[in-house]
Visitor: 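This is the structure I want to talk about, given as structure tokens.
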Amino acid sequence: MDDVEAMAHEREPCNIAMGRCYDQEKLQSALGYSQGAYAKSTTEKLMPNIAIYCRTPIRMGAKTEVVHVINVVGYAFDVPEQPDWQYFLPVRLGTPKWDELAKRFAQ
């Protein structure tokens with residue numbers, strides 16, 4: 001499975017500042033992994049940032065509406081344990097890491 005497919009399939013239910021607010025053992029048992037694919041990032045290589053869009057019906061009481069939903073894997077620099085922090089920081093203006101980060105944000 002390539003990295004983009006892994007990012008789409010191996011998702012964490014909730015990860016806020018590296019606090020995994022879910023039962024990793026249950027996720028492992030149900031889906032065969034305990035952490036999302038982004039955890040495979042290293043200080044040398046980040047997993048890709050992706051966005052997934054879907055148009056889906058949503059029910060609000062007796063009323064059903066069609067809504068547009070987008071799920072985005074964004075960069076996170078909240079805590080030093082995050083892969084983005086470990087890959088990019090420290091970053092200094094004019095360095096290759098700075099140029100890479102600026103290019104990625106421009107996409």
Side-chain angles (χ1 to χ4, degrees):
M1 181 180 321
D2 74 356
D3 290 346
V4 172
E5 282 186 51
M7 287 295 298
H9 292 281
E10 297 173 18
R11 304 292 308 208
E12 293 185 16
C14 183
N15 181 328
I16 301 171
M18 296 308 291
R20 291 186 164 93
C21 308
Y22 62 92
D23 187 322
Q24 292 184 49
E25 289 179 12
K26 285 184 181 178
L27 186 62
Q28 178 69 43
S29 176
L31 299 177
Y33 64 92
S34 62
Q35 297 181 355
Y38 209 70
K40 297 174 185 174
S41 295
T42 69
T43 58
E44 302 299 319
K45 179 184 178 236
L46 277 180
M47 293 293 283
N49 289 91
I50 65 168
I52 298 174
Y53 162 84
C54 71
R55 183 175 173 265
T56 187
I58 187 170
R59 189 173 303 130
M60 297 171 278
K63 187 176 180 182
T64 299
E65 293 283 338
V66 173
V67 298
H68 303 272
V69 177
I70 189 163
N71 180 275
V72 180
V73 177
Y75 294 106
F77 299 96
D78 303 62
V79 295
E81 293 78 23
Q82 289 173 315
D84 302 319
W85 180 306
Q86 294 175 3
Y87 181 81
F88 283 111
L89 298 180
V91 66
R92 289 178 179 59
L93 186 63
T95 64
K97 289 282 185 172
W98 174 268
D99 294 340
E100 180 182 352
L101 183 60
K103 181 180 176 184
R104 287 176 180 239
F105 269 109
Q107 293 178 337

Visitor: Could you check whether any side-chain heavy atom of M47 comes within less than 4.5 Å of a side-chain heavy atom of V73, counting everything from C-beta outward?
Guide: no
Visitor: Out of curiosity, D23 CG to Q28 CD, how far, rounded to the nearest 0.5 Å?
Guide: 11.0 Å
Visitor: Give a yes or no on whether V66 and I58 share a hydrophobic cluster (residues Ile, Leu, Val, Met, Phe, Trp, Tyr; joining criterion: side-chain heavy atoms under 4.5 Å apart).
Guide: no
Visitor: Where is the tightest heavy-atom contact between E12 and G36, given as atom of each residue plus distance?
Guide: OE2-N, 2.8 Å
Visitor: Parallel under 30°, tilted from 30 to 60°, perpendicular over 60°: which one fits the rings of F105 and Y75?
Guide: tilted
Visitor: So if you build clusters from Ile, Leu, Val, Met, Phe, Trp, Tyr with side-chain heavy-atom gaps below 4.5 Å, do M60 and V67 land together?
Guide: yes
Visitor: Show the nearest heavy-atom pair for residues A76 and D84, with the distance to one decimal.
Guide: N-OD2, 2.8 Å
Visitor: Going from CD1 on I50 to CD on E5, what distance comes out if it is rounded to the nearest 0.5 angstrom?
Guide: 10.5 Å
Visitor: To check you understand the geometry: which heavy-atom pair defines the closest contact between T42 and Y87, and what is its length?
Guide: O-CD1, 3.6 Å
Visitor: Any link between F88 and W98 through a network of hydrophobic side chains (Ile, Leu, Val, Met, Phe, Trp, Tyr) touching at under 4.5 Å?
Guide: yes
Visitor: Are more than 12 heavy atoms from other residues, nucleotides or ligands located less than 6.0 Å from atom CD of E81?
Guide: yes
Visitor: Walk me through whether M7 and Y38 qualify under side-chain contact (heavy atoms from CB on, under 4.5 Å).
Guide: CA-CA 7 Å; M7 287 295 298; Y38 209 70; 3.4 Å; yes
Visitor: Are L93 and L89 in one and the same hydrophobic cluster, where Ile, Leu, Val, Met, Phe, Trp and Tyr link if side-chain heavy atoms are under 4.5 Å apart?
Guide: yes
Visitor: Can you name the closest pair of heavy atoms from V4 and P48 and give their distance?
Guide: CG2-CG, 3.9 Å
Visitor: For a 4.5 angstrom cut-off between non-hydrogen side-chain atoms, does E100 reach V91?
Guide: no
Visitor: Quick one: OG on S29 to CD on Q24, what's the gap to the nearest 0.5 Å?
Guide: 13.5 Å
Visitor: Looking at every non-hydrogen atom in both residues, tell me the closest pair between A51 and V72 and how far apart they are.
Guide: CB-CG2, 4.0 Å
Visitor: Rounded to the nearest 0.5 Å, what separation is found between the CZ atom of R11 and the CD1 atom of I52?
Guide: 5.5 Å
Visitor: Counting neighbours of NZ on K97 that are heavy atoms of other residues, nucleotides or ligands and sit closer than 6.0 Å, is the number greater than 12?
Guide: yes
Visitor: I'd like to check P83 versus M18 (side-chain heavy atoms, cut-off strictly below 4.5 Å). Are they in contact?
Guide: yes
